[in-house]
Amino acid sequence: MASTTAPEPLLSLVGATKVYGEGEAAVRALDGVDFAIHQGDFVAITGASGSGKSTAVSVLGCLEALTDGEYRIEGYPVHLLQADVLAALRNERFGFVFQSYNLLSRTSALENVALPLVYAGISRQERAERSAEALARVGLKGREHARPNQLSGGQQQRVAIARALVNAPSVILADEPTGNLDSRMGSEVMEIIAALNRDAGITVVMVTHDQGCAAWAKRQVVFKDGRILSDTRQEARA
């Protein structure tokens, strides 16, 4: 009988440790974490402030390196990659959504969305076309030339999501994506993120302190003191 081999996780932390500072001032933000995420998953990472959840997402997004242990993408150890290869991987593989939107204030929505394509060396015409498509995908068709101060908070976060989508990433990493929004706008943003996972198969890893947001995920991982306290599957909110 032919044997079957389980596929490598898309992302995995193995004995992951991240220490900030030295000596008595050292803080172990991650303390020997083992954590695997498969293609198509939607994971909500929760926990108290300082529990290590945002550090974990920074490591997964190749924004920070581990002090000890390994981070692997499809089984390949990230620390073996050259800096330029790692930067290209981060730009091509991941889309980032942050609480504060991180939009350029004097730049149009279209130009904000196009930034990852500029770094990827995409032509101006293709940048404009792909950015307009991404904005339409998040419900902002017709607002391409609006600047951030002409958009509501929810619309600004939609621009940030469009920017995360424009390079067709396999993973979206979202750190408190509804933290600056009221409940109605937050729900609209979560509907978009959930649809990207459900309909487009994009893997989503989201840090949130809001249990209402966490309920949209297929899986909830709770961090405490740099370690995983629990990791449970759940019925995602429709």
Novice: I need the Ile172 CD1 to Phe94 CZ distance, nearest 0.5 Å.
Specialist: 12.0 Å
Novice: Kindly list each side-chain donor-acceptor pair under 3.5 angstrom involving residues 85-92, sequence neighbours excluded, with atom names and distances?
Specialist:
residue, atom, partner, partner atom, Å
Arg90, NH1, Cys62, O, 2.7
Asn91, ND2, Pro116, O, 3.2

Novice: For residues Asn102 and Arg163, report the shortest heavy-atom separation together with the two atoms involved.
Specialist: O-NH1, 2.7 Å
Novice: Report yes if some heavy atom in the side chain of Leu117 is under 4.5 Å from a heavy atom in the side chain of Ser131; otherwise report no.
Specialist: yes
Novice: Could you check if a side-chain atom of Leu104 sits within less than 4.5 angstrom of a side-chain atom of Glu111, using non-hydrogen atoms only?
Specialist: no
Novice: Is the closest side-chain heavy-atom distance between Asn112 and Pro148 below 4.5 Å?
Specialist: yes
Novice: Quick one: are Val113 and Val159 in side-chain contact, heavy atoms under 4.5 Å?
Specialist: yes
Novice: Taking 4.0 angstrom as the limit, do Asp41 and Lys218 come out as a salt bridge?
Specialist: no
Novice: Compile the donor-acceptor pairs under 3.5 Å between side chains in residues 134-144 and protein atoms, sequence neighbours left out, one pair per line.
Specialist:
residue, atom, partner, partner atom, Å
Arg143, NH2, Gln150, O, 3.3
Glu144, OE1, Gly142, N, 3.1
Glu144, OE2, Gly142, N, 3.2

Novice: Of all the heavy-atom pairs spanning Pro177 and Val189, show the shortest one and how long it is.
Specialist: O-CG1, 4.4 Å
Novice: Compare all side-chain heavy atoms of Leu173 with those of Val97 and state whether any distance is below 4.5 angstrom.
Specialist: no
Novice: Is the backbone N or O of Ser183 less than 3.5 Å from a side-chain atom of Glu188, with the two atoms forming a donor-acceptor pair by type?
Specialist: no
Novice: Just by distance, no angles: are the side chains of Thr55 and Glu64 close enough, under 3.5 Å, to form a donor-acceptor pair?
Specialist: no
Novice: Working note: Arg147 + Ser105, criterion side-chain contact (heavy atoms from CB on, under 4.5 Å); need CA distance, chi angles, decisive distance, verdict.
Specialist: CA-CA 7 Å; Arg147 294 186 178 183; Ser105 61; over 6 Å; no
Novice: Distance check, rounded to the nearest 0.5 Å: Lys53 atom NZ versus Ser51 atom OG?
Specialist: 4.0 Å
Novice: With Phe42, which of Ile202, Asn197, Ile37 fulfils side-chain contact (heavy atoms from CB on, under 4.5 Å)?
Specialist: Asn197
Novice: What's the spacing between His209 NE2 and Ser54 OG if we round to 0.5 Å?
Specialist: 11.5 Å
Novice: For the residue pair Phe98 and Phe96, does the interplanar ring angle fall in the parallel (under 30°), tilted (30 to 60°) or perpendicular (over 60°) class?
Specialist: parallel
Novice: Answer yes or no: is there a side-chain heavy-atom contact under 4.5 Å between Leu13 and Asp34?
Specialist: no
Novice: Under a 3.5 Å cutoff, is there a donor and acceptor pairing between the side chains of Thr208 and Asp210?
Specialist: no
Novice: Output yes when a side-chain donor or acceptor of Asn180 lies under 3.5 Å from a complementary backbone atom of Gln99, and no otherwise.
Specialist: yes
Novice: Does Tyr119, at its OH atom, have more than 12 non-hydrogen atoms belonging to other residues, nucleotides or ligands within less than 6.0 Å?
Specialist: no
Novice: Enumerate, atom names and distances included, each donor-acceptor pair closer than 3.5 Å involving a side-chain atom of residues 23-33, sequence neighbours excluded.
Specialist:
residue, atom, partner, partner atom, Å
Arg28, NE, Asp31, OD1, 3.1
Arg28, NH2, Asp31, OD1, 3.2
Asp31, OD2, Arg227, NE, 3.1
Asp31, OD2, Arg227, NH2, 3.0

Novice: Quick check: closest heavy atoms across Gln156 and Leu103, and the distance to 0.1 Å?
Specialist: O-CD1, 3.7 Å
Novice: Tell me every residue that passes salt bridge (Lys or Arg N to Asp or Glu O under 4.0 Å) with Glu191, counting only those two or more places apart in sequence or in another chain.
Specialist: none
Novice: Residues two or more places apart in sequence or in another chain: which of them pass salt bridge (Lys or Arg N to Asp or Glu O under 4.0 Å) with Arg106?
Specialist: none
Novice: Nearest 0.5 angstrom please: Ser152 OG to Arg158 CZ, how far?
Specialist: 8.0 Å
Novice: Look at the side chain of Asn167 and the backbone N and O of Pro169, then say whether any donor-acceptor pair between them is shorter than 3.5 Å.
Specialist: no
Novice: Quick check for you: to the nearest 0.5 Å, what is the distance between Asp231 atom CG and Arg233 atom CZ?
Specialist: 7.5 Å
Novice: Less than 4.5 Å apart, any side-chain heavy atom of Ser187 and any of Met190?
Specialist: no
Novice: Step by step, work out the side-chain contact (heavy atoms from CB on, under 4.5 Å) result for Thr178 and Glu176.
Specialist: CA-CA 6 Å; Thr178 65; Glu176 300 285 4; 5.7 Å; no
Novice: Take Phe223 and Thr46 through the test side-chain contact (heavy atoms from CB on, under 4.5 Å) and record every step on the way to the result.
Specialist: CA-CA 6 Å; Phe223 272 67; Thr46 64; over 6 Å; no
Novice: Are Val166 and Arg130 packed together at the side-chain level, in the sense that at least one heavy-atom pair is separated by less than 4.5 angstrom?
Specialist: yes
Novice: Just by distance, do the side chain of Ser108 and the backbone of Ala146 share a donor-acceptor pair under 3.5 Å?
Specialist: no
Novice: With the 4.5 Å side-chain cut-off for hydrophobic clustering, are Val78 and Leu11 part of the same group?
Specialist: yes
Novice: Donor-acceptor pairs under 3.5 Å, side chain of residues 66-76 to any protein atom, not counting sequence neighbours: which ones?
Specialist:
residue, atom, partner, partner atom, Å
Thr67, OG1, Val19, N, 2.9
Glu70, OE1, Arg72, NE, 2.7
Glu70, OE1, Arg72, NH2, 2.9
Tyr71, OH, Leu60, O, 2.6

